[in-house]
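Data block below; observations after.
Any value given below was found using the heavy atoms of this structure, including those in side chains, with hydrogens, waters and symmetry copies removed.
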Amino acid sequence: MAHSHESNTKRIWTVFGLLSVITIVEVILGIQKPAFLHETNLFQMNLLNWIFIILTIVKAYYIMWAFMHLEGEKSSLRWSIVAPLVFLIIYLVFILLIEGNYVFDVFQASHNYKWIF
């Protein structure tokens with residue numbers, strides 16, 4: 001019995017379109033830096049950075065979903081791949097916020113250390 005192969009051209013263009021739109025939005029926001037996003041803080045970081053983090057996570061998940069063919073796998077396998085990554089991303093963002101804020105506070109309050117970077 002012969003297997004029929006369907007064309008994935010529409011799916012490829014859909015993935016390309018979605019990832020392109022997200023990337024274009026990121027680039028436009030990075031160039032324009034809207035003041036209301038750049039000057040508004042949430043958890044010691046401005047909203048623009050939060051938007052970049054969220055859009056990057058969405059792109060990473062969709063790349064895994066489409067190109068690693070996770071959409072056709074069982075739910076348990078998908079979660080065994082995605083859950084550790086979600087935990088790792090949350091942990092890294094937490095460390096970034098805590099340590100970045102600490103370094104900023106040390107340089108801001110100290111007379112011995114200078115901003116050389």
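- Residues Lys59 and Thr23 form a side-chain contact, since some pair of their non-hydrogen atoms from C-beta on lies under 4.5 Å apart.
- Proximity of a side-chain donor or acceptor of Arg11 to a complementary backbone N or O of Ala66 within less than 3.5 Å is detected.
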>> Evaluate Thr40 against Asn46 for side-chain contact (heavy atoms from CB on, under 4.5 Å), listing each step before the verdict.
In response: CA-CA 5 Å; Thr40 305; Asn46 63 39; over 6 Å; no
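- Grouping the Ile, Leu, Val, Met, Phe, Trp and Tyr side chains by contacts below 4.5 angstrom, directly or via other members, places Ile24 apart from Leu29.
- In this structure, the separation between CD on Glu73 and CE on Met68 is 9.5 Å, given to the nearest 0.5 Å.
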> Can you check side-chain contact (heavy atoms from CB on, under 4.5 Å) on Val15 and Phe67, steps first, answer last?
Replying inline: CA-CA 9 Å; Val15 170; Phe67 295 120; 3.6 Å; yes
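- Around OH of Tyr62, the count of heavy atoms belonging to other residues, nucleotides or ligands within 6.0 Å exceeds 12.
- Distance OG/Ser75 to CG/Leu70: 11.0 Å, rounded to 0.5 Å.
- Grouped by direct or indirect side-chain proximity (heavy atoms under 4.5 Å, Ile/Leu/Val/Met/Phe/Trp/Tyr only), Val27 sits with Ile31.
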>> For a side-chain contact (heavy atoms from CB on, under 4.5 Å) check, start with the C-alpha distance between Val93 and Trp50, then their side-chain angles and the critical distance, and finish with the verdict.
In response: CA-CA 10 Å; Val93 168; Trp50 282 111; 3.9 Å; yes
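- For the atom pair Lys33 NZ and Leu48 CG, the distance stands at 7.5 Å (nearest 0.5 Å).
- Residues Pro84 and Trp79 share a closest heavy-atom pair of CD-O, 3.8 Å.
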> Is there a ring pair (Phe, Tyr, Trp, His ring centres under 6.0 Å) between Phe16 and Trp13 once you walk through the steps?
Replying inline: CA-CA 5 Å; Phe16 173 74; Trp13 281 109; 5.5 Å; yes
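- To the nearest 0.5 Å, atom CD1 of residue Ile57 and atom CG of residue Leu85 are 10.5 Å apart.
- When hydrophobic clusters are built by joining Ile, Leu, Val, Met, Phe, Trp and Tyr residues whose side-chain heavy atoms come closer than 4.5 Å, directly or via intermediates, Leu55 is not grouped with Leu96.
- One finds the CD1 atom of Ile54 at 9.0 Å from the CG atom of Leu47 (value rounded to the nearest 0.5 Å).
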>> Apply side-chain contact (heavy atoms from CB on, under 4.5 Å) to residues His69 and Met64 and explain how you reach the verdict.
In response: CA-CA 7 Å; His69 307 288; Met64 286 187 349; over 6 Å; no
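- Cluster annotation: Ile51 is connected to Val58 through the hydrophobic network of ILVMFWY side chains, with a link wherever side-chain heavy atoms come within less than 4.5 Å.
- In the hydrophobic clustering (ILVMFWY side chains linked at under 4.5 Å, chained through shared members), Ile12 stands by itself.
- Both Trp65 and Ile81 are assigned to one and the same hydrophobic cluster, defined by single-linkage of ILVMFWY side chains at heavy-atom distances under 4.5 Å.
- We find the CD1-CD1 distance between Ile95 and Ile90 to be 13.0 Å, quoted to the nearest 0.5 Å.
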